[in-house]
2 protein chains.
Amino acid sequence: MNLELDFRSGIPIYLQVVDRIREMIADGRLKPGGQLPTVRALAAELRVNFNTVARAYRILDEAGIISTQQGRGTYILENPPPAESESMRRAAFASLTDRYLADALRLGFPPEEILAALRQQMKSKEEGVEK
Amino acid sequence: MNLELDFRSGIPIYLQVVDRIREMIADGRLKPGGQLPTVRALAAELRVNFNTVARAYRILDEAGIISTQQGRGTYILENPPPAESESMRRAAFASLTDRYLADALRLGFPPEEILAALRQQMKSKEEGVEK
DNA sequence: ATTATTATTGTATAATTGTATCATTGTACT
DNA sequence: AGTACAATGATACAATTATACAATAATAAT
């Protein structure tokens, strides 16, 4: 993977890993769809604990740059999130809503009940975030 | 089989498969007595290991919804447990709603807008049914 | 028709991968 | 010194995959 770290720079290892990988994706050394080394493999290469690599991967995951999947590995995402256009966003949302409504109706739930369930679900989610 | 998975959702694949199949049975897209794809066939379609599908099938089997038979295949049972039928319908609806809400929020739409879009969509549908 | 062989199906177990939690270390600031 | 906090490590865990296996069906051989 050829990823150089500076253990004396004072910059946390996990941040260095994040930056190096960002660079490699930006300049094409790593390609969308490709697989990154496993946390353990990269950690061994860097002589570092695998949790440190996992932390770097998690940050890149939350940034929408890679996708980490338990048991499968971590992959570079196809479309680094350069803010998809508004019209695409609305279209995606519309078709999503369309499909949901069709599915719910097919299950035999009446419109009011569907709205009620959605409101309920939103409420649960909010409370869940409160921790 | 037309079964969509989200590898980034954090929800285990085998649970997603369980939910999707529950939905398809609950809303009639899959019929009692019918045969499900073999674990290997479905796994190939989903780009997943067949043990992951087997795990989903086992859960559905233990719930009394399908019957998996070594060397023969897996079949949808004729009489879903009477109590199971209604709860299955509700479970399917719940997971459907959960997934829709998560997807919509990820697209960046606020709760009120989601509800509004759904109401709008219902209205269109009603009018569309009238001749 | 019967039997043997091969292919296809689900099952069991171990290995691999990322995740969660807590302990340890080091550094900055009182 | 002592405290607080961030970074890293150790350990246990859950999801997925890899491999070998057993049961049933399908086919070939006789």
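First the proteins, then the strands, lettered A, B, ... as listed; each starts at 1.
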From [atom1] of [X] over to [atom2] of [N], roughly how many Å is that when rounded to an integer?
X	N	atom1	atom2	result
A/Ile59	D/dA7	CD1	C1'	11 Å
B/Asn49	C/dA14	CG	P	17 Å
B/Ile66	C/dT9	CD1	P	15 Å
A/Leu36	C/dT17	CG	C1'	13 Å
A/Leu15	D/dT8	CG	C1'	13 Å
B/Arg72	C/dA7	CZ	C1'	16 Å
A/Ile11	D/dA6	CD1	P	18 Å
B/Gln35	C/dG10	CD	C1'	12 Å

TODO: Using only heavy-atom distances, determine whether the side chains of B/Glu126 and B/Ser124 contain a donor-acceptor pair under 3.5 Å.
DONE: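 No, because no side-chain N or O of B/Glu126 sits under 3.5 Å from a partner of the opposite role on B/Ser124.
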Open item on the list: If only side-chain N and O atoms count, and only distance matters, is there a donor-acceptor pair under 3.5 Å linking B/Gln16 with B/Ser9?
Closed with: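 Indeed, the side chains of B/Ser9 and B/Gln16 share at least one donor-acceptor pair under 3.5 Å.
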- [ ] Keeping the roles fixed (side chain from A/Asp61, backbone from A/Thr68), state whether a donor-acceptor pair exists under 3.5 Å.
- [x]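 Looks like yes, one N/O pair under 3.5 Å.
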May I have the list of side-chain donor-acceptor pairs in residues 90-98 of chain A shorter than 3.5 Å, sequence neighbours left out?
{"residue": "A/Arg90", "atom": "NH1", "partner": "A/Glu86", "partner atom": "OE2", "Å": "3.3"}
{"residue": "A/Arg90", "atom": "NH2", "partner": "B/Glu113", "partner atom": "OE2", "Å": "2.9"}
{"residue": "A/Ser95", "atom": "OG", "partner": "A/Ala92", "partner atom": "O", "Å": "3.4"}
{"residue": "A/Thr97", "atom": "OG1", "partner": "A/Phe93", "partner atom": "O", "Å": "3.0"}
{"residue": "A/Thr97", "atom": "OG1", "partner": "B/Tyr100", "partner atom": "OH", "Å": "2.7"}
{"residue": "A/Asp98", "atom": "OD1", "partner": "B/Gln121", "partner atom": "NE2", "Å": "3.2"}

TODO: With heavy atoms under 4.0 Å as the rule, sort B/Thr52 into base, sugar-phosphate or nothing.
DONE: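 Here B/Thr52 touches the bases of the nucleic acid.
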Open item on the list: Counting only side-chain heavy atoms from C-beta out, which of C/dG10, D/dT8, D/dA15 sits nearest to B/Thr74?
Closed with: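 When the side chain of B/Thr74 is considered, C/dG10 is the closest of C/dG10, D/dT8, D/dA15.
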Task: Distance in Å, B/Gln35 CD paired with B/Ile66 CD1, rounded so as to fall on 0.5 Å steps - done: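 It comes to 11.0 Å.
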Task: Six-ring centre of B/Phe109, A/Arg89 cation under 6.0 angstrom, axis tolerance 45° - done: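 Yes.
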TODO: Using a 4.0 Å heavy-atom cut-off, write out nucleotides 19-29 of chain C from 5' to 3' as B (base contacted by protein), S (sugar-phosphate only) or - (no contact).
DONE: BB---------
